[in-house]
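Shown next, in structure tokens, is the structure this report addresses.
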Amino acid sequence: MGVRPDAVAALMERARREVDDGRLPAVQVALARHGRLAAFETSAVAGSGAGDHSRFHLWSVTKGVMAGLVWQLVSEGLLSYDDRVVDHIPSFGTNGKDAVTVDHLMQHTAGFPRAPMRPRHWSTSEGRREAFAGWRLVWEPGTRFHYHPFAAHWVLAELVNVVTGGDWRTELRRRVTAPLGLDRLQLGVPLEEQGDIVDITCFGPRATVEEHEAAGVPKPVDPDPPIDSGLFMNDPRTRAAGIPAAGAVGTAADVALYYQALLHDPADIWDPEVLADGTGVIRNTFPDANRAGIPVNRTRGIVVAGDDGNRRFRMNFGRTGSPRMFGHDGAGGQIAWADPATGVSFCYLTSGMDGHFVREFQRTEELSSLAASPTLLA
């Protein structure tokens with residue numbers, strides 16, 4: 001695979017240390033190159049039942065997977081980035097939202113970052129559209145960036161349903177994960193198939209302002225959610241819903257191999273120009289107020305590391321690797337990326353949601369730096 005065993009061992013030891021020291025209940029790490037796994041390991045506290053067979057919640061790593069589905073539909077001509085949502089879903093155009101396009105949704109510039117989608121609306125098209133109709137713009141679409149944790153991707157899911165006549169969960173499997181042989185990378189897991197999913201554990205305490213300053217890690221501007229806010233994902237009904245922005249499950253190996261597919265497209269899923277655009281063309285450099293005002297470096301769906309010295313804070317790509325690295329992070333310090341310069345892809349998952357953001361940031365930075373380092377290559 002062209003990687004050094006000693007460098008891989010150092011990476012795995014660093015991931016394992018968090019469990020051995022009692023800081024995390026379970027972690028999973030995978031490294032891939034040349035379309036194949038180079039390393040894969042799960043570490044978990046005794047008695048947890050977690051192993052290499054276990055699937056973890058991906059949180060917003062899901063967004064990179066959902067982007068692949070949208071890119072496939074654009075490749076096929078079923079969607080265009082210039083399409084207005086209202087042209088596919090007429091009832092969406094209330095409260096000035098008629099100007100929102102697919103591009104705005106993909107770049108988090110749609111203007112409704114905190115629009116609510118409650119569980120009672122999740123399960124039906126009618127319910128989702130009822131929620132959309134009540135949403136209001138916070139700003140004019142396309143004029144600024146603010147991360148949309150959930151709202152934009154619920155609209156993307158409904159668009160998938162409209163243009164395919166199917167369901168975003170089954171369309172993801174049919175169009176992307178199944179052709180890649182990644183059947184366990186899944187959005188919307190039936191109740192009877194959830195036995196291999198690791199439950200989420202949330203814990204604190206929060207990092208103090210002084211700890212943020214000492215580590216040189218900016219404190220997020222958005223109000224901190226409650227420490228246990230992630231526990232709703234343990235509900236089997238939530239897992240079955242397949243929340244399109246944060247509800248996917250899979251192993252770190254599944255995700256690392258998915259990012260290999262974004263490098264090589266072995267199943268000819270995407271038009272080459274669409275894929276190159278999605279993984280490499282920075283179209284959004286608005287400042288991110290929640291990350292010290294640095295440019296967001298967003299493509300249509302994911303993030304590019306860049307060469308401005310802000311890669312650590314942009315998405316925790318670490319300190320090494322090339323400016324062309326692309327990927328997406330997730331809650332708890334989870335990370336998934338690929339580096340076109342080396343052909344390496346990497347995924348780190350955990351079931352522990354650490355309220356101490358500085359500690360979480362530092363562990364992910366160290367892991368990304370080890371995985372992306374040119375010294376990893378033989």
* Are side-chain heavy atoms of F346 and L367 found at a separation under 4.5 Å? -> yes
* Parallel, tilted or perpendicular: rings of W154 and W168 (30°, 60°) -> perpendicular
* Asked: Taking atom types as modelled and ignoring hydrogens, do the side chains of E366 and Q362 form a donor-acceptor contact shorter than 3.5 angstrom?
  -> no
* Under 3.5 Å side-chain donor-acceptor pair for D83 and H88 -> yes
* Could R144 and E140 be called an ion pair, given the rule that one side-chain N must be under 4.0 Å from one carboxylate O? -> no
* To do: Give a yes or no on this: more than 12 heavy atoms of other residues, nucleotides or ligands lie within 6.0 Å of atom CD of E193.
  => yes
* Donor-acceptor pair between D339 and S322 side chains, under 3.5 angstrom -> yes
* To do: Kindly compute the distance separating CZ (F317) from CD1 (I335), expressed to the nearest 0.5 Å.
  => 6.0 Å
* Asked: Taking only residues two or more places apart in sequence or in another chain, which ones pass ring pair (Phe, Tyr, Trp, His ring centres under 6.0 Å) with F361?
  -> F313
Could you give the side-chain donor-acceptor pairs of residues 20-27 under 3.5 Å, partners two or more places apart or in another chain?
unit_1 : atom_1 : unit_2 : atom_2 : d
D21    : OD2    : R23    : NH1    : 3.0

* **Non-hydrogen side-chain atoms of R283 and M106 separated by less than 4.5 Å** => no
* Between R129 and E126, does a salt bridge (Lys or Arg N to Asp or Glu O under 4.0 Å) hold up when you go through it step by step? -> CA-CA 5 Å; R129 295 183 187 210; E126 292 76 15; over 6 Å; no
* Are D167 and R174 close enough for a salt bridge, meaning some N to O gap below 4.0 Å? -> no
* To do: Using the six-membered ring of F145, assess whether NZ or CZ of R298 lies under 6.0 Å from its centre and within 45 degrees of the ring axis.
  => no
* **R314 side chain to A305 backbone, donor-acceptor under 3.5 Å** => yes
* Given L78, L73, L105, V70, the one that forms side-chain contact (heavy atoms from CB on, under 4.5 Å) with L159 -> L105
* To do: Say whether T177 and Q186, considering side chains only, have a donor N or O and an acceptor N or O under 3.5 Å apart.
  => no
